[in-house]
Amino acid sequence: MTHVDGIHEFLDMGGYAVWVWSAYGISAAGLIGILMWSLRTLRAREKEFEDLKNSRG
Amino acid sequence: MHKFANPTQFMRIANAVFPWAAGIAILLFLVGLPIALVTSPADYQQGNTVRILYIHVPAAVMAEMIYYAMAAGSAAYLIWRHPMANLVSKASAPMGAMFTALCLICGMLWGEPMWGTFWVWDARLTSTLIMFFFYIGYLALGDAFEDPERGDRASAILALVGVVNVPIIKFSVNWWNTLHQPASLSLTKSNMSGDMLLPLFLMMAAYAAFYVAVLIIRVRGELLAAKIRNARLSQVAAMPQMAE
């Protein structure tokens, strides 16, 4: 068996590709999404707080 | 408990923990995912759909554990006016909702090829969906009032009302004859083979470490939001026309 066959078999998941990869893909999107959202919110609030402190200066 | 009541103390501990939680999470995913997706065996009945187990169960466990944490924080907030408890609950809620959604979605994607249906109103699925609604309700109520403290108190009460549903999720497969399979895993024993238990535990640990790391980011954000609110309030109070 060549390497390409092995990868093809892996991606195919025994015929269940759409189910397995959708589940893993949506899970990854959820985890990465909430991480990014949380970081973005934190950065925005840090900036807002800085601006507030400077404007009161 | 009092050690955590002080935000500065809490953040000192949280900032020390954060790099460990983040590093451990990354490591566990790097080790766990290849085992879950490649080296662990396919199931003789379910084939490769069994690999969904390694993301479905960790999401379910996190969803329930976070709800308990949210309920405990809500109780501490309502009884002792513990402000950090409220912040941790609020920071946790979106993550709990997300894990519940992932649990349900992965379950549906597993159910369709294996059970022949995306959904069935069995005990476990229904009670998990109800928990999801309580999470959404908690998030909505928190923002529903002009006075944020009223919103926080209302959502804390809702969290406590909903906590009774969480053990029902766990025991549902024992109490009712349902489609969702009974537990193959307890604190002391298991029906699963070792080469499936390993990726399952690795992914459960990865999800837990991920939650701790992101929780710390979110709590920092909540603390800043509170500081901003206080700064704006004192700005208004200091305005000349207010000092009548």
Side-chain angles (χ1 to χ4, degrees), chain A, chain B residues 22 25 29 33 36-38 42-43 46-56 58-59 62 91 94-95 97-99 101-103 105-114 203 206-207 210-211 213-232 234-235 238:
Chain A
M1 241 198 216
T2 64
H3 288 302
V4 179
D5 287 335
I7 294 177
H8 189 265
E9 210 177 275
F10 168 66
L11 289 174
D12 189 52
M13 283 289 164
Y16 293 119
V18 67
W19 311 110
V20 178
W21 293 120
S22 297
Y24 274 80
I26 291 172
S27 298
L31 294 177
I32 294 169
I34 202 159
L35 170 63
M36 301 272 85
W37 177 53
S38 304
L39 280 171
R40 201 167 297 153
T41 303
L42 177 62
R43 299 277 169 262
R45 287 184 183 154
E46 279 170 346
K47 183 173 186 308
E48 192 182 344
F49 191 61
E50 268 308 303
D51 290 346
L52 256 181
K53 277 201 318 198
N54 293 339
S55 75
R56 291 167 77 192
Chain B
F29 276 117
L33 277 172
L37 284 169
V38 185
D43 185 73
Q46 303 187 63
N48 283 300
T49 65
V50 80
R51 301 188 189 282
I52 298 178
L53 176 83
Y54 307 124
I55 49 177
H56 170 72
M62 289 315 300
M95 300 197 69
M98 193 234 9
F99 282 123
L102 287 185
C103 164
I105 291 170
C106 289
M108 290 196 273
L109 291 168
W110 197 1
E112 173 57 21
M114 285 298 110
M203 291 301 284
Y207 271 46
F210 175 87
Y211 162 68
V214 179
L215 177 69
I216 291 172
I217 295 172
R218 298 195 59 80
V219 170
R220 273 192 211 148
E222 291 288 340
L223 273 172
L224 262 180
K227 278 196 192 145
I228 289 169
R229 206 175 303 126
N230 289 340
R232 290 199 186 283
S234 61
Q235 243 183 8

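The sequence lines fix the lettering, A, B, ..., with proteins before strands; numbering per chain opens at 1.
Using a 4.5 Å cut-off between heavy atoms, Phe10(A) contacts chain B through its side chain alone, with no backbone atom that close. Interface residue Met95(B): backbone and side-chain heavy atoms are both found under 4.5 Å from chain A. For Met114(B), the part lying near chain A is the side chain, with the backbone staying farther off; criterion is any non-hydrogen pair under 4.5 Å. Only the side chain of Ile105(B) comes within contact range of chain A, with heavy atoms under 4.5 Å apart. Heavy-atom distances place both the backbone and the side chain of Ser22(A) under 4.5 Å from chain B.
You'll find the side chain of Glu48(A) reaches within 4.5 Å of the side chain of Arg232(B), heavy atoms only. Contact of the Met13(A) side chain with the Leu37(B) side chain is registered, since non-hydrogen atoms from C-beta on lie closer than 4.5 Å. Counting heavy atoms from C-beta on, the side chains of Phe99(B) and Ile34(A) never come closer than 4.5 Å. In this structure, Leu31(A) and Tyr207(B) have side chains that are in contact, with non-hydrogen atoms separated by less than 4.5 Å.
Nearest heavy-atom pair, Leu102(B) versus Ser27(A), reported as atom, atom and distance to 0.1 Å: CD2-CA, 3.6 Å. The minimum heavy-atom distance linking Val214(B) with Ser38(A) is given by the pair CG1-OG, 3.7 Å. The heavy-atom pair separating Asn48(B) from Gly14(A) by the smallest distance is ND2-N, 3.4 Å. Arg45(A) approaches Ile228(B) most closely through the heavy-atom pair O-CD1, 3.5 Å.
Judged by distance alone, the side chain of Tyr24(A) and the main-chain N or O of Arg51(B) form a donor-acceptor pair under 3.5 Å.
If you tally non-hydrogen atom pairs under 4.5 Å between each of Ile55(B), Leu224(B), Ile217(B) and chain A, the highest count goes to Ile55(B). Heavy-atom pairs under 4.5 Å with chain B were tallied for Phe49(A), Tyr16(A), Trp19(A); the largest tally goes to Trp19(A). Per-residue heavy-atom pair counts under 4.5 Å with chain A were compared for Ala91(B), Pro113(B), Pro94(B), Gly47(B), and the maximum is reached by Pro113(B).
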